[in-house]
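For reference, the structure discussed in these notes is given below.
Quantities reported herein were computed from a predicted structural model and do not represent experimental measurements. Hydrogens, waters and symmetry mates play no part in the numbers below; they use all other heavy atoms, side chains included.
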Amino acid sequence: MFHKRFRAFILALSVFAMMAPAAFASDGTQAVVTGGTLSITNPLAGDFTPVTLNGTEQSPTAALAAFTVTDPRGTGAGWHVTAQASQFANAAATRSLAAGSLEMSEPTVAANGTNSPEPDVTEGPYVIDNGSAVSIASAALDEGMGAYDFSNTTLTLAVPADAYAATYLSTVTISVVTAP
């Protein structure tokens, strides 16, 4: 008799277990993740230490401030950072320093709150006033997603012994471009 009751209990329990999922309601959910825009902060270039001509080549320096590259696109498309400067010339553009006179030191880079692999930094220093942009770092496909802090760097200017006395100007541009 015990076995019949036990079997009836097991049978009732099995029927209840098969019906249990129907007794609960569920609904699906979704999470929409929208990408942002690839961006870079504007690093400020300081003024060079003043030069007093003395008959020899001199190499004054200036600081280029730290900058941050942020890739919130969510595409994994990769990117690269370039540096470029215009040739140093006086305000009237009647005097200039030779192209290839400006050198930028190699920055370091650190991830800022992301686990995505850091970009590769090209070995420096870089000559940045030769008329075309120089690649200083790149993030490969599926890398470089998130924010990355680039360190301060040093700009070094070659002032030849036969330079004309003048105030020379240049514009330094650091850019981030889509694609590794």
Please give me the minimum heavy-atom distance between Ala166 and Asn90, naming the atom from each residue. CB-CB, 4.1 Å
Heavy-atom check, side chain of Glu143 versus side chain of Leu141, under 4.5 Å: no
Under 3.5 Å donor-acceptor, Glu57 side chain and Pro160 backbone: no
Will you find, in the side chains of Ser138 and Asp120, an N or O donor that is under 3.5 Å from an N or O acceptor? no
Residues Pro117 and Asp142: closest non-hydrogen pair is CD-O, 4.4 Å
With a 3.5 Å distance limit and no angle check, can you tell me whether Asp71 reaches the backbone of Arg73 through a side-chain donor-acceptor pair? yes
Side chains of Pro72 and Thr37 in contact at under 4.5 Å (non-hydrogen atoms): no
Taking atom CD1 of Ile128 and atom OG of Ser170, what is their separation to the nearest 0.5 Å? 7.0 Å
Leu155 side chain near Leu102 side chain, heavy-atom distance below 4.5 Å: yes
Interatomic spacing from OG in Ser101 to CG in Asn130 - rounded to 0.5 Å: 9.0 Å
Atom CD of Gln87 and atom OG of Ser96: how far apart are they, to the nearest 0.5 Å? 4.5 Å
Quick check: closest heavy atoms across Asn152 and Ala66, and the distance to 0.1 Å? OD1-N, 2.7 Å
Enter the distance from Leu157:CG to Asp129:CG here, rounded to the nearest 0.5 Å. 8.0 Å
What verdict does the side-chain contact (heavy atoms from CB on, under 4.5 Å) test give for Leu38 and Thr178, after you've listed the backbone C-alpha separation in whole Å, the side-chain angles of each residue and the deciding distance to 0.1 Å? CA-CA 8 Å; Leu38 180 64; Thr178 299; 3.8 Å; yes
Derivation and outcome, side-chain contact (heavy atoms from CB on, under 4.5 Å), residues Met104 and Ile136: CA-CA 10 Å; Met104 178 182 151; Ile136 63 170; 3.7 Å; yes
Which heavy atom of Pro107 sits nearest to which heavy atom of Val121, and what is that distance? O-CG1, 3.7 Å
Determine, step by step, whether Tyr126 and Ser105 satisfy the side-chain contact (heavy atoms from CB on, under 4.5 Å) criterion, reporting the C-alpha distance in whole Å, the side-chain angles of both residues, the deciding distance to 0.1 Å, and the verdict. CA-CA 6 Å; Tyr126 323 98; Ser105 66; over 6 Å; no
Under a 3.5 Å distance rule, please check whether Glu118 uses its side chain to pair with a backbone N or O of Ala111 as donor and acceptor. yes
So which heavy atom on Glu123 is nearest to which on Glu106, and how close? CA-OE1, 3.3 Å
Asp47, CG: over 12 other non-hydrogen atoms inside 6.0 angstrom: no
Using 30° and 60° as the class boundaries, would you call the ring planes of Phe150 and Phe67 parallel, tilted or perpendicular? parallel
With side-chain contact (heavy atoms from CB on, under 4.5 Å) as the test, would you mind laying out the steps for Thr56 and Gln58 before giving the verdict? CA-CA 6 Å; Thr56 64; Gln58 297 180 59; 4.2 Å; yes
Check whether Ser151 reaches the backbone of Thr108 with its side chain - one donor and one acceptor, N or O, closer than 3.5 Å. yes
What about Tyr164 and Val51, same hydrophobic cluster or not, with Ile/Leu/Val/Met/Phe/Trp/Tyr joined at side-chain heavy-atom distances under 4.5 Å? yes
Treating Ile, Leu, Val, Met, Phe, Trp and Tyr as nodes and any side-chain heavy-atom pair under 4.5 angstrom as an edge, say whether Val172 and Val69 lie in one connected cluster. yes
Distance (rounded to the nearest 0.5 Å) between Phe88 CZ and Thr171 OG1: 9.0 Å
Please report the interatomic distance OG1(Thr68) to CD1(Ile40), rounded to the nearest 0.5 Å. 8.5 Å
For Gly74 against Met145, the heavy-atom pair lying closest together: CA-CE, 3.9 Å
Find out if a path of hydrophobic residues (ILVMFWY) with successive side-chain heavy-atom gaps under 4.5 Å connects Leu97 to Val127. no
Test your reading of the model: is there a side-chain donor-acceptor pair from Thr82 to the backbone of Ser135, 3.5 Å cut-off? no
Side-chain contact test, heavy atoms from C-beta onward, threshold under 4.5 Å: evaluate it for Val109 versus Asp149 and give yes or no. no
Would you confirm whether Asn112, through its side chain, and Tyr148, through its main-chain N or O, come within 3.5 Å as a donor-acceptor pair? no
Strictly distance-based, threshold 3.5 Å: is any side-chain N or O of Ser116 a donor or acceptor partner for the main-chain N or O of Gly144? yes
